[in-house]
Amino acid sequence: MGCGFGIILLFVVHFVDAQTRQSLNGDWLLKDESGEYLDLNAKVPGGIYTDLMNNGVLDNIYAGFNDVEYKWVARSNWSYYTTFEVREALTDYYTINLVLEGVDTFSTILINDVEVGTTQNMFVKYIFNITEQIKVGDNTIEVKFLSPISAADDLAAKHEQNYVVPPECVPDSYKGECHVNYLRKIPASFSWDWGPAFPSVGIWKDIYLQGYYCTLIEYVVAEVLDTGDNWTLSIDTYFSPPADIVGFLGFELETANEPIIVRNWTILTVPNEYGEVVNTTEIVVPKTSVETWWPNGYGKQPLYTLGVSFDSVFDYSYKEIKIGFRKIELIQDELEMGRSFYFQVNDVPVFAMGVNSIPFDILPENSYNQERLNHFMSSVATYTEMNMIRVWGGGVYESDLFYQLADEYGLMIWQDFVFASSMYPADDDFLSNVKSEVNHQVKRIQSHPSLALWGGNNENEGNLASNYFNTADNFEVYKADYIKLYIDTVRDEMRRITKNANFVDSSPSNGIETDSEGYVSLDPGSLIYGDVHFYTNNRDSFDTSIYPIPRFSSEYGFQSLPSVSSWLTVTDNLTDLSINSDFMKHRQHHPDGNDPLKNLIEFQLELPSEDNEYYDEALIYYTQIIQAMSIKIETEHYRRHMGRVDNDGRGYTMGALFWQLNDVWVAPSWSSIDYTGKWKMLHYFVPGFFSQELVTGHANSDNQLEVYHILNKEYGVGEKWINLTIYAWDSFTPVNSTQFVGEFEPVTSTLIATLDIDQYLSDSGCGSVEEARFNCFIHFVAGLGTITLTPSNYFFPSKFKEANLVTSNLEILAVDNFDAEGLRFLIALRADAPCLFVWLDAGDTKGHFLENGFIQHSLVTTVIFVADEPTTVESLQATLTVTHVKDPKYFPTKV
Ligand SMILES: *[C@@H]1O[C@H](CO)[C@@H](O)[C@H](O)[C@H]1NC(C)=O
Ligand SMILES: *[C@@H]1O[C@H](CO)[C@@H](O)[C@H](O)[C@H]1NC(C)=O
Ligand SMILES: *[C@@H]1O[C@H](CO)[C@@H](O)[C@H](O)[C@H]1NC(C)=O
Ligand SMILES: *[C@@H]1O[C@H](CO)[C@@H](O)[C@H](O)[C@H]1NC(C)=O
Ligand SMILES: *[C@@H]1O[C@H](CO)[C@@H](O)[C@H](O)[C@H]1NC(C)=O
Ligand SMILES: *[C@@H]1O[C@H](CO)[C@@H](O)[C@H](O)[C@H]1NC(C)=O
Ligand SMILES: *[C@@H]1O[C@H](CO)[C@@H](O)[C@H](O)[C@H]1NC(C)=O
Ligand SMILES: *[C@@H]1O[C@H](CO)[C@@H](O)[C@H](O)[C@H]1NC(C)=O
């Protein structure tokens with residue numbers, strides 16, 4: 001009896017509606033092809049490096065020089081195997097599938113020694129029909145992996161008979177592997193400038209058997225369309241084949257009032273031209289019956305459960321997803337010069353304040369660790385007003401949990417498809433492999449309200465246009481491949497599945513202008529179209545004139561060194577912390593080495609002498625100051641160009657996503673949070689420079705201080721005050737102050753004052769016109785009535801190394817625990833004179849301060865420390881240290 005008979009049987013009998021899924025997760029065994037390793041214990045889901053560490057074959061891979069020590073691992077061919085028992089009930093089903101949610105990457109799968117399939121893409125969900133191979137009782141399964149290095153070499157060698165797909169390899173300084181661009185595998189797993197090469201193999205997501213008679217719900221893609229007084233929820237329900245059956249398709253949507261329930265007869269028979277059996281149902285949801293989802297800082301993130309069930313005489317299946325009601329548009333209107341480029345959410349223009357993420361671990365099986373993800377996502381959204389994360393294309397399509405957290409925290413996701421910083425092949429095999437990936441990933445992720453934009457790739461249009469990989473001689477070939485891959489395959493497959501998804505071909509790109517320029521524009525980094533990426537490491541990063549004035553800055557960053565306590569998790573040799581140690585050189589992958597770290601500091605700050613015993617520690621601290629200040633200065637520069645445009649059409653800037661949030665190991669990098677979870681100074685600065693309302697100043701080319709008031713969104717009605725308070729470096733008593741007033745529109749940056757710096761400071765009481773700038777600094781704050789609305793901000797009129805800073809003792813006066821749980825501590829600090837970038841460090845006591853890296857311009861200040869786990873005053877005190885720029889230990893008074 002087949003599925004087609006379902007229509008007759010519908011009212012007669014229900015076969016089964018029990019669990020049809022049998023997990024194969026758990027304890028497996030592991031061996032290598034050479035026979036050196038046999039029957040090692042393995043965990044599924046997991047990966048080879050974790051398993052070899054657990055078996056004691058490898059030490060901590062994240063430590064020391066182990067990344068290069070362990071290169072042999074990825075050159076071996078590993079095999080995972082186990083036995084499993086099949087009960088009779090399972091074999092009743094017409095179809096029994098083996099489902100692999102994620103397998104990394106090239107494998108051959110055998111059931112009872114019979115090959116049932118092969119895999120070649122870690123971003124695809126594989127389903128193999130094993131009905132014929134499975135038997136009641138004991139069965140075996142083996143997943144034989146091919147070394148990803150061999151796979152890449154083989155594919156490259158084959159392709160290079162026609163032409164090279166560059167780069168041939170990563171720069172030597174990466175100590176990486178070659179030709180990852182031929183694989184559908186995390187590009188960064190072959191190394192990056194911030195990360196090691198650990199090209200894993202393994203079953204990195206769930207694996208299970210799934211039995212059914214006729215069909216199961218495979219994917220639910222629910223998209224919310226704004227249709228005036230109502231939202232229209234358009235739901236595509238995809239069914240597994242053969243799906244030749246009649247049944248009840250039901251939808252239940254939770255709302256603020258009564259749930260909306262739709263349940264109808266549905267006849268599933270004819271697959272569409274893509275071989276999919278899909279039902280589209282539209283449900284009208286009155287706007288009054290649900291609350292609107294907003295990005296972080298703009299409102300709440302209400303989520304509603306949508307349950308979809310299919311109930312036939314043979315099978316019952318059910319899927320549940322969380323949806324949010326919102327509209328996200330990418331606005332690219334024509335302007336006098338160029339086009340705008342910004343996100344508009346529920347008709348409100350939103351300045352995108354955010355950050356780029358890299359994979360949350362270099363090992364794919366660790367990248368969805370719940371505790372880790374929670375830490376990073378809450379560090380972004382709970383403590384700051386950031387509203388966007390760009391999931392960068394050299395990494396991974398993140399886990400379901402990641403997108404769920406993004407929905408809950410209100411973090412809009414700019415999701416790159418996983419292609420980055422290289423050319424890619426575009427032969428038929430590669431394209432069809434990519435098409436399966438796009439199909440799966442779009443169906444998996446698209447329903448999340450946080451999903452704001454899909455991007456075709458990272459920087460590949462730019463690399464092609466700028467001849468970065470020496471493609472110019474063969475430009476038309478590479479361009480044709482580029483279009484085949486990102487436009488005809490990635491974009492078209494995504495558009496086929498979605499209704500109103502936003503898409504850009506690349507980042508940076510000129511947005512829709514790129515399309516009219518034939519998909520590869522002459523200058524993908526145009527300032528008056530789309531987004532830009534901007535990096536420099538050899539110019540004075542405090543000089544705002546070096547920064548571009550784009551519509552949207554989607555990548556910009558500066559390196560710093562991880563904190564001492566983070567370093568000590570990967571080496572126990574303090575000598576390694578010297579910037580010139582072999583270890584530090586080994587961990588620095590940027591071809592420019594560690595010199596730029598020092599050079600950037602020396603533009604602004606005086607370093608202690610190299611023979612000072614605290615020199616290494618100071619250097620680490622100073623790199624974090626420079627990184628934090630540079631990103632702050634660059635970000636405020638972008639924000640000052642919101643809502644205004646210059647004579648060259650530059651401005652209307654509506655986005656700043658700095659590079660980068662996280663790390664995959666402890667190394668010099670652009671991250672704001674160490675691999676260990678510890679915040680760098682940069683992360684402590686984020687709530688300040690990404691405050692929705694802010695006063696900021698910079699020196700223009702005429703040596704004038706321009707003071708701006710920035711307001712992202714409507715807040716407070718009436719005249720606001722802006723105070724400029726002038727402090728001298730040697731006193732806690734303000735020298736003078738000036739007040740300005742004004743009323744401000746949202747989504748604007750308003751010039752409040754233009755002041756001749758030397759004259760203004762001199763008039764204010766800071767000394768002669770020639771000397772004043774070295775004696776004083778300016779504090780900004782704005783408010784309404786008695787309420788302060790903005791964080792403290794500062795303008796430093798001279799380089800710190802030229803200012804008359806005073807060496808000041810700064811001591812921890814007291815530490816107190818003020819909650820019953822032992823989680824919150826009050827720390828009091830006393831200074832002799834104003835202290836710059838006061839840096840509290842709790843060592844390896846995990847937690848964070850509510851403020852850090854701040855300017856102390858009062859005798860005593862208090863700071864709260866929030867521990868991740870309960871601790872005591874005594875143990876916190878044992879690890880707690882404080883320092884600042886003019887710490888006497890760095891600058892001992894000469895005798
Ligand atoms: C891994 O398998 C490939 C393909 O069969 C083979 O060429 C290669 O030599 C094997 N590598 C090792 C280390 O056995
Ligand atoms: C919105 O829904 C209401 C009923 O809830 C209906 O009267 C109205 O016609 C709908 N409007 C649109 C544009 O569909
Ligand atoms: C799976 O294989 C079995 C046995 O060959 C077959 O009866 C069944 O129709 C197949 N299922 C699908 C979905 O093709
Ligand atoms: C589908 O179900 C809804 C609610 O149960 C009902 O109002 C509607 O008429 C049904 N539509 C069809 C085409 O049967
Ligand atoms: C999709 O399912 C709905 C029931 O939810 C049904 O009314 C409709 O006819 C189905 N559409 C198609 C094309 O089968
Ligand atoms: C620490 O590392 C240095 C080189 O950076 C080496 O000379 C020294 O022997 C190491 N010390 C220990 C205890 O391993
Ligand atoms: C702002 O300046 C006014 C006038 O000088 C002063 O009264 C007020 O206390 C200042 N407020 C803050 C928060 O600095
Ligand atoms: C404060 O500044 C004003 C000008 O802005 C000046 O007239 C006044 O003398 C200054 N006060 C002191 C104490 O220097």
Side-chain angles (χ1 to χ4, degrees), residues 1-5 20 31-37 48 71-79 90-99 105-108 111 114 116-118 120 126-135 144-158 177 199 201 209-216 218 238-245 268-269 271 275-277 314-315 317 693 695 707 719-727 733-742 752 764 778-794 857-858:
M1 186 174 56
C3 297
F5 287 93
T20 54
K31 64 183 178 191
D32 82 324
E33 197 180 39
S34 74
E36 188 171 351
Y37 299 100
I48 188 66
K71 273 182 178 281
W72 61 271
V73 172
R75 288 177 165 68
S76 305
N77 298 316
W78 298 97
S79 180
L90 188 71
T91 56
D92 286 345
Y93 294 105
Y94 298 167
T95 295
I96 304 163
N97 284 335
L98 171 68
V99 184
T105 291
F106 286 86
S107 79
T108 303
I111 297 272
V114 177
V116 296
T118 61
Q120 49 278 320
Y126 285 95
I127 300 174
F128 301 110
N129 186 343
I130 55 165
T131 316
E132 304 271 357
Q133 286 76 33
I134 213 91
K135 57 180 204 270
K144 293 168 78 165
F145 288 96
L146 171 62
S147 148
I149 313 284
S150 300
D153 283 346
D154 292 351
L155 287 166
K158 217 164 99 194
E177 303 292 354
V201 299
L209 302 176
Q210 178 120 53
Y212 62 89
Y213 289 99
C214 302
T215 197
L216 292 175
E218 180 85 45
Y238 292 86
F239 295 89
S240 333
D244 179 11
I245 185 80
L268 302 175
T269 44
E276 299 163 332
V277 176
F314 291 95
D315 305 287
S317 73
E693 184 163 4
V695 183
V707 183
E719 196 162 74
K720 292 176 178 170
W721 50 260
I722 295 151
N723 283 8
L724 274 57
T725 309
I726 298 162
Y727 287 89
T733 313
V735 173
N736 211 330
S737 70
T738 314
Q739 187 169 69
F740 299 94
V741 292
I752 305 296
S764 301
I778 306 173
H779 172 255
F780 306 125
V781 66
L784 183 67
T786 56
I787 304 165
T788 298
L789 294 174
T790 68
S792 281
N793 203 357
Y794 298 90
H857 47 76
S858 57

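The first residue in the sequence is number 1, and the count goes up from there. All ligand and atom numbering here is 1-based and tracks the order in the structure. Remember, it's a predicted structure, so these values are computed and weren't measured experimentally. Reckoned from all heavy atoms, side chains included, excluding hydrogens, waters and symmetry mates.
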### Query
Can an N or O of Asn723 be found at a distance shorter than 3.5 Å from an N or O of ligand 7?
yes

### Task
Measure up the Trp72 and Trp78 rings against each other and bin them: parallel (under 30°), tilted (30 to 60°), perpendicular (over 60°).
tilted

### Query
Which atoms of ligand 3 sit under 4.0 Å from any heavy atom of Pro241?
13 (C)

### Task
Output yes when a side-chain donor or acceptor of Tyr93 lies under 3.5 Å from a complementary backbone atom of Thr131, and no otherwise.
no

### Task
Using a strict 4.0 Å threshold on nitrogen-to-oxygen distance, state whether Lys71 and Glu177 make a salt bridge.
yes

### Task
Would you confirm whether Asp315, through its side chain, and Thr215, through its main-chain N or O, come within 3.5 Å as a donor-acceptor pair?
yes

Give every donor-acceptor pair under 3.5 Å between a side-chain atom in residues 778-791 and any protein atom, sequence neighbours left out.
| residue | atom | partner | partner atom | Å |
| --- | --- | --- | --- | --- |
| His779 | NE2 | Ser792 | OG | 2.8 |
| Thr790 | OG1 | Ala782 | N | 2.9 |

## Note on the structure
Here the atoms of ligand 7 under 4.0 Å from any heavy atom belonging to Trp721 are 13 (C)

### Task
For Lys158, check salt bridge (charged side-chain N to carboxylate O under 4.0 Å, His left out) against everything at least two apart and list the hits.
none

### Message
I'd like to check which ligand 3 atoms, numbered from 1 as shown, lie under 4.0 Å from a non-hydrogen atom of Thr131.
### Response
1 (C), 2 (O), 3 (C), 4 (C)

### Task
Could I get the full list of salt bridge (charged side-chain N to carboxylate O under 4.0 Å, His left out) partners for Glu218, not counting sequence neighbours?
Lys125

### Query
Taking only heavy atoms of Gln739, which atoms of ligand 7 are found under 4.0 Å from at least one of them?
1 (C), 2 (O), 3 (C), 4 (C)

### Query
Under a 4.0 Å heavy-atom cut-off, what residues line ligand 1?
Glu33, Arg75, Asn77, Leu146

### Query
What's the verdict on side-chain contact (heavy atoms from CB on, under 4.5 Å) for Gln133 and Phe128, showing C-alpha distance, side-chain angles and the deciding distance?
CA-CA 11 Å; Gln133 286 76 33; Phe128 301 110; over 6 Å; no

### Task
Please determine if Glu132 has a nitrogen or oxygen closer than 3.5 Å to a nitrogen or oxygen of ligand 3.
yes

### Check: Asn97 side chain, Ile127 main-chain N or O, donor-acceptor pair, under 3.5 Å
no

